[in-house]
Amino acid sequence: MNLINNIETQNLWLEEMDGDFGTFRTQVTAETNPRSVPLASQIEKQIPIYSGEAVRAASDQPSHRNALLTEWTKVFLSGAGIIVIRNGIENAAIVDRASEVFSQIIESEKTDTLGGGDHFAQAGANDRIWNALEKHCLIDPHNFTEYYASDAIAMGAEAWLGRGYQVTAQVNCVKPNGKAQKPHRDYHLGFMEPTQTLDYPTHVHAMSPFLTLQGAVAHCDMPLESGPTKLLPFSQKFLEGYLVFEQEQYRDYFEANHIQLTLEKGDVLFFNPAVMHAAGDNVSTDIYRMANLLQISSAFGRAMETVNRSKMSKAIFPVLKDFSNRKTLTNRQLNNAIHACAEGYSFPTNLDLDPPIGGLAPKSQSQIMKEALEQNLSTAQFTEMLDQLHARQQS
């Protein structure tokens with residue numbers, strides 16, 4: 001694949017890509033070998049299913065944790081590309097409270113005429129919350145901390161992206177009779193027209209899926225009639241997918257061969273962003289299908305949404321202190337919440353003002369937050385530390 005700048009040549013090249021359809025069909029008809037996912041509780045429609053209880057049990061046992069993360073990495077890369085963690089958020093009351101917060105935001109934004117835009121649906125057809133992460137944190141930092149203390153969320157992100165990942169979230173509520181999306185891939189290259197993706201060489205097409213991880217937390221039970229996400233297992237392996245998935249034969253194949261899994265409240269779904277997928281038709285009469293859509297970015301990439309992580313960190317710090325002092329969340333769970341909130345990467349910064357001292361990089365926002373928590377600093381002291389960090393990072 002070379003850079004192709006002439007529009008006429010681009011269109012011709014796109015048409016010639018049809019010849020790879022046989023390769024595509026071969027790749028997506030693979031099967032999940034149970035021996036490749038020994039830690040899964042079952043395999044359903046080629047998708048490995050994991051028990052939330054088992055994930056939590058493995059979370060503080062380094063060897064078991066590493067084994068699980070390694071297995072997930074292989075699934076995302078060369079397996080089905082998708083995992084489901086049943087009961088990923090254990091406490092339904094935490095999910096219900098988050099749903100209340102999201103509903104409050106939806107109603108507020110309708111009044112303020114701020115909401116409505118959607119990537120793949122007509123404005124107003126669904127209820128969408130952009131930057132649900134920051135809004136959730138500022139409205140109810142206590143619930144935010146409990147929610148993102150989830151080992152399932154933290155471990156799924158770490159398996160694909162490593163440390164310093166950046167969480168963003170957008171809530172989507174698909175109403176009864178809500179229509180399905182068109183099949184697509186996700187951010188980065190998935191948010192471009194096929195002709196635009198031709199401006200990027202082959203290795204960028206291969207690299208793009210490594211920069212994000214897609215996830216969703218089910219905020220209600222999702223039977224098939226409610227339209228849970230349609231997925232085409234193994235489709236992340238087709239390199240040319242960003243270019244050709246707009247073509248009719250690929251979309252027809254997707255509609256004939258996709259799978260859907262029923263989800264229950266608190267289940268967590270993760271998939272490689274290059275997996276061909278689409279939200280399904282909600283043919284129910286009374287299910288408002290709400291999911292918190294997680295788009296988690298590598299520390300080395302650009303997240304899709306701007307998030308005021310300093311403001312969020314200041315909001316949850318006193319809550320973290322309270323949880324820590326009362327010992328109602330473990331240090332691991334507190335760290336999970338910090339990773340979902342604070343900036344975990346030291347760069348970019350102004351190295352004249354923020355030089356690396358005692359290491360190769362300056363302290364990140366999340367490191368400062370953890371140290372302030374360990375030292376039981378006051379909220380005012382922590383706020384001053386963040387303000388000083390912000391000042392150092394400015395040019």
Side-chain angles (χ1 to χ4, degrees), residues 88-89 91 93-109 112 114-115 127-154 156-157 161 164-173 213 215-217 219 266 268 290-297 299 303-324 326 328-329 331-345 364-370 372-373 377-380 382-383 385-387 389-390:
I89 297 183
N91 189 337
I94 293 173
V95 179
D96 288 340
R97 172 53 191 160
S99 296
E100 291 174 2
V101 172
F102 298 151
S103 296
Q104 175 184 338
I105 295 169
I106 288 168
E107 291 308 310
S108 174
E109 292 187 347
D112 296 337
L114 293 176
D127 289 323
R128 168 80 70 160
I129 304 174
W130 297 116
N131 194 5
L133 186 85
E134 182 176 337
K135 294 169 184 174
H136 182 187
C137 178
L138 298 183
I139 289 175
D140 193 337
H142 186 279
N143 178 252
F144 176 94
T145 300
E146 291 184 309
Y147 189 99
Y148 286 102
S150 164
D151 290 311
I153 294 175
L161 302 169
Y165 57 82
Q166 307 163 82
V167 178
T168 64
Q170 307 86 35
V171 170
N172 200 28
C173 182
L213 178 68
V217 180
H219 275 247
V268 180
M290 179 182 283
N292 188 21
L293 306 179
L294 306 175
Q295 187 176 80
I296 310 176
S297 293
M304 189 171 68
E305 293 187 298
T306 55
V307 177
N308 191 331
R309 298 191 184 278
S310 180
K311 192 174 183 179
M312 291 170 60
S313 296
K314 292 175 183 178
I316 74 164
F317 184 75
V319 175
L320 292 171
K321 281 193 64 176
D322 183 56
F323 276 121
S324 178
R326 291 190 292 113
T328 47
L329 288 179
N331 287 336
R332 185 192 71 256
Q333 291 172 318
L334 293 171
N335 285 337
N336 292 346
I338 290 171
H339 293 159
C341 172
E343 175 57 62
Y345 197 44
S364 69
Q365 194 179 72
S366 65
Q367 286 175 298
I368 290 172
M369 198 170 185
K370 290 176 187 177
L373 198 61
L377 298 185
S378 69
T379 300
F382 173 68
T383 297
M385 292 173 70
L386 282 197
D387 290 342
L389 174 65
H390 178 75

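Numbering of residues begins at 1 and proceeds along the displayed sequence.
For His136 and Asn143, the side-chain atoms include at least one donor-acceptor pair closer than 3.5 Å. Defined by atom type and a distance below 3.5 Å, a donor-acceptor pair is missing between the side-chain atoms of Asn172 and Asp127.
Taken from CG in Asn331 to CG in Asn336, the straight-line distance is 11.0 Å, to the nearest 0.5 Å. Annotation: the span from Ser313 atom OG to Met385 atom CE amounts to 12.0 Å, rounded to 0.5 Å. Atom CD1 of residue Ile129 and atom OG of residue Ser103 lie 7.5 Å apart, to the nearest 0.5 angstrom.
Not counting sequence neighbours, the partners of Glu134 by the side-chain hydrogen bond (donor to acceptor under 3.5 Å, both in side chains) test are Asn131. Under the salt bridge (Lys or Arg N to Asp or Glu O under 4.0 Å) criterion, Glu305 pairs with no residue, sequence neighbours left out. When the side-chain contact (heavy atoms from CB on, under 4.5 Å) test is applied to Ser310, the partners found at least two apart in sequence or on another chain are Asn308, Lys314, Gln365, Leu386. Every residue two or more places apart in sequence or in another chain that forms a salt bridge (Lys or Arg N to Asp or Glu O under 4.0 Å) with Lys135 is listed here: Glu109. For Arg97, the salt bridge (Lys or Arg N to Asp or Glu O under 4.0 Å) test picks out Glu100, Asp140, with sequence neighbours left out. Taking Asn91 as the reference, Ala93, Ile94 meet the side-chain contact (heavy atoms from CB on, under 4.5 Å) condition, with sequence neighbours excluded. Taking the side-chain contact (heavy atoms from CB on, under 4.5 Å) definition, one finds that Ala149 meets it with Leu329, Gln333, sequence neighbours left out. Scored by the side-chain hydrogen bond (donor to acceptor under 3.5 Å, both in side chains) test, Ser364 finds Ser366, Gln367 as partners (sequence neighbours excluded). For Gln104, the side-chain contact (heavy atoms from CB on, under 4.5 Å) partners two or more places apart in sequence, or in a different chain, are Ile139. Judged as a ring-ring contact (aromatic ring centres under 6.0 Å, His included), and not counting sequence neighbours, the contacts of Tyr345 are Phe300, Phe347. In terms of the ring-ring contact (aromatic ring centres under 6.0 Å, His included) criterion, residue partners of His142 (sequence neighbours excluded) are, by chain and number, Phe323. Scored by the ring-ring contact (aromatic ring centres under 6.0 Å, His included) test, Tyr148 finds Phe144 as partners (sequence neighbours excluded).
The two residues Ala299 and Gln166 have their closest heavy-atom pair at CA-NE2, 3.8 Å. Nearest heavy-atom pair across Ala216 and Leu293 is CB-CD2, 4.0 Å. Annotation for Gly266 and Val95: closest pair CA-CG2, 4.3 Å, computed over non-hydrogen atoms. Between Ser297 and Ala303, the closest heavy-atom pair is OG-CA, 3.4 Å.
Here the side chain of Thr168 pairs a donor or acceptor atom with the backbone of Gln295 at under 3.5 angstrom. Side-chain N or O atoms of Ser324 include none that pairs as donor or acceptor with a backbone N or O of Leu320 at under 3.5 Å. Checking side-chain atoms of Arg309 against main-chain N and O of Cys341 turns up a donor-acceptor pair under 3.5 Å.
In this structure, the side chains of Leu389 and Glu343 stay at 4.5 Å or more apart for every pair of heavy atoms. Residues Ile153 and Ile89 form a side-chain contact, since some pair of their non-hydrogen atoms from C-beta on lies under 4.5 Å apart. Inter-residue side-chain proximity for Pro318 and Phe382 is flagged as unmet; no heavy-atom pair is nearer than 4.5 Å. Looking only at side-chain heavy atoms (C-beta outward), Leu294 and Leu213 stay at 4.5 Å or farther from each other. Two residues are said to be in side-chain contact when any heavy atoms from C-beta on lie closer than 4.5 Å; Leu373 and Phe317 meet this criterion. Considering only heavy atoms from C-beta on, Ile316 comes within 4.5 Å of Cys137 through its side chain. Here the side chains of Leu133 and Met312 are in contact, with some heavy-atom distance below 4.5 Å.
Ring orientation note: the planes of Tyr147 and Phe102 are nearly perpendicular, at an angle over 60° on the 30°/60° scale.
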Intermediate values then yes/no, side chain to side chain contact (heavy atoms under 4.5 Å, CB included), Lys370 and His339: CA-CA 10 Å; Lys370 290 176 187 177; His339 293 159; 2.9 Å; yes
For the pair Leu138 and Lys311, evaluate side chain to side chain contact (heavy atoms under 4.5 Å, CB included) and give the outcome as yes or no after the intermediate values. CA-CA 8 Å; Leu138 298 183; Lys311 192 174 183 179; 3.8 Å; yes
